[in-house]
Structure formats: C-alpha cells, structure tokens
2 protein chains.
Amino acid sequence: MNTYKSHVEKSECPIAHALDVIGDRWTLIIIREMMFMGKHEFGEFLEAPEKISTNILADRLKKLSSLGIIDFIEHPQNKTKKLYYLTDIGVGLIDVMVEVILWVDKYLSTAPSPIIENIKNHTPEFIEKTKKNIQSWNEKNL
Amino acid sequence: MNTYKSHVEKSECPIAHALDVIGDRWTLIIIREMMFMGKHEFGEFLEAPEKISTNILADRLKKLSSLGIIDFIEHPQNKTKKLYYLTDIGVGLIDVMVEVILWVDKYLSTAPSPIIENIKNHTPEFIEKTKKNIQSWNEKNL
DNA sequence: CAGGATCCGTTTCGATACTG
DNA sequence: CAGTATCGAAACGGATCCTG
C-alpha cells in the first residue's frame with residue numbers, strides 16, 4: 001500500500017458547492033425534465049416517471065429558485081399558473097447532465113437507444129441544439 | 001407560451017439510472033475523496049470536511065460496492081482494515097466530476113484558485129493525470 | 001381547476017455510543 | 001480504528017385542504 005501524493009490540494013476541490021444541487025435526487029429530476037423534456041409547469045413535473053409528490057416538488061422549485069438555477073414568470077393565459085424556466089446557471093448544467101448520460105450509457109448500459117447513439121456521436125451538436133431549444137423558448141416567453 | 005417539441009423522447013433520458021449515485025450527497029463526497037484526494041481507507045473518508053458519520057459511510061461504501069463503482073481489498077499490513085478503490089466504472093465518473101467542478105467555477109464562483117485555473121485550461125491533461133494516479137495505485141496494490 | 005401548503009403515518013437519515 | 005446499534009430528527013409519500 002502506497003498512497004500517491006494527490007495533485008489536488010486539500011479543500012481546493014469545489015464540488016462541495018454543488019452538492020445541494022447535484023447531490024439531490026429531486027433537483028436533478030426537475031432539471032432533467034426542464035432541460036431535455038421542455039417542461040415548464042408544476043403539473044408537468046408531476047408527470048415525471050419518478051412520481052415526485054407535490055410538497056417535495058414545491059420545496060425543490062423554491063430551492064432551485066433561491067440558488068438561481070431556475071426562475072419563473074406568471075403564465076400569460078392563466079394567472080394561477082407559473083412557468084418555470086432554466087436561468088443561464090441552470091442551462092450551464094447541461095455539460096454535467098450530458099456527461100452523466102454518457103457515463104450511464106458506457107458503464108450501466110441499458111438497452112441501446114438511437115437517441116443515445118446520437119448524443120454519443122454528436123455531443124457538441126446535441127448540446128447546442130438543446131441550448132437553442134431552451135433559448136428560443138426564453139426569447140418567446142420572457 | 002409555446003412548448004417546443006422536445007428532441008428527446010419520453011423515457012429515453014437515462015439519467016434515472018444514475019440517480020442513486022449522482023443524486024446522493026455522500027456517495028459524491030466519497031467518490032471525490034477517492035478520485036482527487038487519493039484516499040482509500042475508512043478513516044481517511046471520515047476526515048473529509050463534510051464530516052460524514054460512520055454509519056452513513058459504511059452504508060454508502062456498501063452501496064457503491066454493490067453498484068460496482070468501488071471495490072476493496074484487505075489491507076496488506078492490517079487485517080482489520082480494508083482498502084477501497086475505484087473500479088473502471090468509478091474512474092469513468094471523472095468526466096462528470098470535472099464538469100461539476102467547471103460548472104461551480106463558472107457560475108457559483110468562489111474565490112479563484114490556481115488549481116481550478118489549471119483544470120480549466122488543461123482539462124484533458126488533468127483528467128489523464130488523475131486517471132494515471134489512480135491506475136498506478138491499482139497496479140501497485142491490486 | 002391548478003398550484004402549492006398543511007397535516008400525518010412511515011421511512012430514511014445521521015450523531016453518538018458502543019463493540020470487537 | 002473499522003464498522004454496528006440505537007434512537008431522535010428530518011425527509012418523504014400521500015391525502016387533503018386552501019386560495020386565487
């Protein structure tokens with residue numbers, strides 16, 4: 001046994017600051033739904049296969065807002081609704097999310113799917129396309 | 001309001017399969033300590049600044065083992081100790097971890113640090129160096 | 001009727017004391 | 001010193017209620 005000298009010095013690894021976002025199942029699910037599924041409404045998030053419950057969803061939406069990762073506006077046609085959307089900080093998480101997808105595919109590989117093939121072979125294009133989708137929604141609605 | 005047609009079809013986004021690993025604060029901390037700090041022992045993980053408690057640590061080490069992300073051997077000098085190490089699947093998470101680091105730096109920016117500058121400007125080299133460190137430990141000890 | 005707050009039974013977490 | 005047992009605290013799921 002022989003511990004190598006780490007090339008990263010103590011407390012210089014800032015992953016800690018992301019633990020509240022990345023290290024939480026529900027925030028990740030919400031971000032996934034917004035980022036890749038184009039969802040914006042409370043009721044849409046409830047439809048995610050993980051069956052998030054309403055109190056948890058409300059809590060995490062608040063948390064993500066206070067962290068500056070998402071924000072919301074009033075629904076233009078329905079005063080009782082809000083439209084949640086990713087801020088630039090939130091959109092910035094796409095690189096993390098894509099790496100997660102690639103990792104799952106590479107090592108935990110579930111059934112092969114054409115969309116994963118596409119993401120794998122055209123990663124930058126996929127990221128750009130996703131960002132464009134998000135931004136075009138923002139331009140129309142904000 | 002105008003929901004764009006998502007380019008990712010329902011249930012084709014496999015992030016779900018990573019939620020147990022990525023969506024858990026403590027597993028992420030353990031992986032960080034192994035990956036970047038070169039830690040291998042139970043007692044070393046306890047020294048992380050997040051102050052993981054012993055039962056949670058034991059639980060997560062078990063969980064990570066059962067997921068195939070880490071494995072362990074008996075300590076060569078001390079029968080009561082185990083040496084935990086990242087498997088190939090675990091090492092494969094480095095791209096995710098690095099993206100998290102870059103995201104934190106870009107958007108949540110804490111104090112600027114030289115090591116982050118280094119990671120930012122030489123990302124592939126940093127990844128390679130980290131992998132090499134891990135692999136050289138593995139070669140010596142497994 | 002939709003968002004989301006509240007209440008409550010159950011599960012999980014985590015700090016600490018403890019064991020080998 | 002690695003790992004377990006215990007037990008109070010917190011999170012969760014689900015139903016229900018409230019408000020606009």
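Letters A, B, ... are given to chains in the order of the sequence lines, protein chains preceding strands, and every chain is numbered from 1.
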Per-nucleotide protein contact string for nucleotides 5-20 of chain C (B base, S sugar-phosphate only, - none; heavy atom under 4.0 Å): BBB-----SBBBB---

pair W137(A)-H40(A): side-chain heavy atoms closer than 4.5 Å: yes

Main-chain N/O of E44(A) paired to K39(A) side chain as donor or acceptor, under 3.5 Å: yes

Separation of dG4(C) P from L61(A) CG (nearest whole Å): 7 Å

Sub-4.5 Å side-chain heavy-atom contact between Y85(B) and D71(B): yes

CE on M35(A) to CD1 on I134(A), rounded to 0.5 Å: 5.5 Å

Rounded distance (Å) that lies between atom P of dG3(D) and atom CD of E74(B): 11 Å

Spacing between F45(B) atom CZ and dC1(D) atom P, to the nearest angstrom: 16 Å

Atom-pair distance (CG on L46(A); P on dG4(C)), nearest Å: 10 Å

K82(B) side chain near dG3(D) phosphate (N/O to OP1/OP2, under 4.0 Å): yes

F126(A) side chain near K120(A) side chain, heavy-atom distance below 4.5 Å: no

Whole-Å gap separating C1' (dA2(D)) and CZ (F72(B)): 12 Å

Validation row: L28(A), V21(A) side chains within 4.5 angstrom (heavy atoms): no

Whole-Å distance separating the CD atom of E47(A) from the C1' atom of dA2(C): 12 Å

Pair assignment for DNA chain C - dot-bracket with | for other-strand partners, Watson-Crick or G-U under 3.5 Å: ||||||||||||||||||||

Separation of dC1(C) C1' from Q77(A) CD (nearest whole Å): 16 Å

Sugar-phosphate, base or nothing in reach of Y84(B), heavy atoms under 4.0 Å: sugar-phosphate

Over 12 non-hydrogen atoms of neighbours within 6.0 angstrom of CG in D59(B): yes

Heavy atoms of other groups near K79(A) NZ, more than 12 under 6.0 Å: no

Between dA2(D) (P) and E41(B) (CD): distance, integer Å: 7 Å

Student check: side-chain heavy atoms of P124(B) and I127(B) closer than 4.5 Å: no

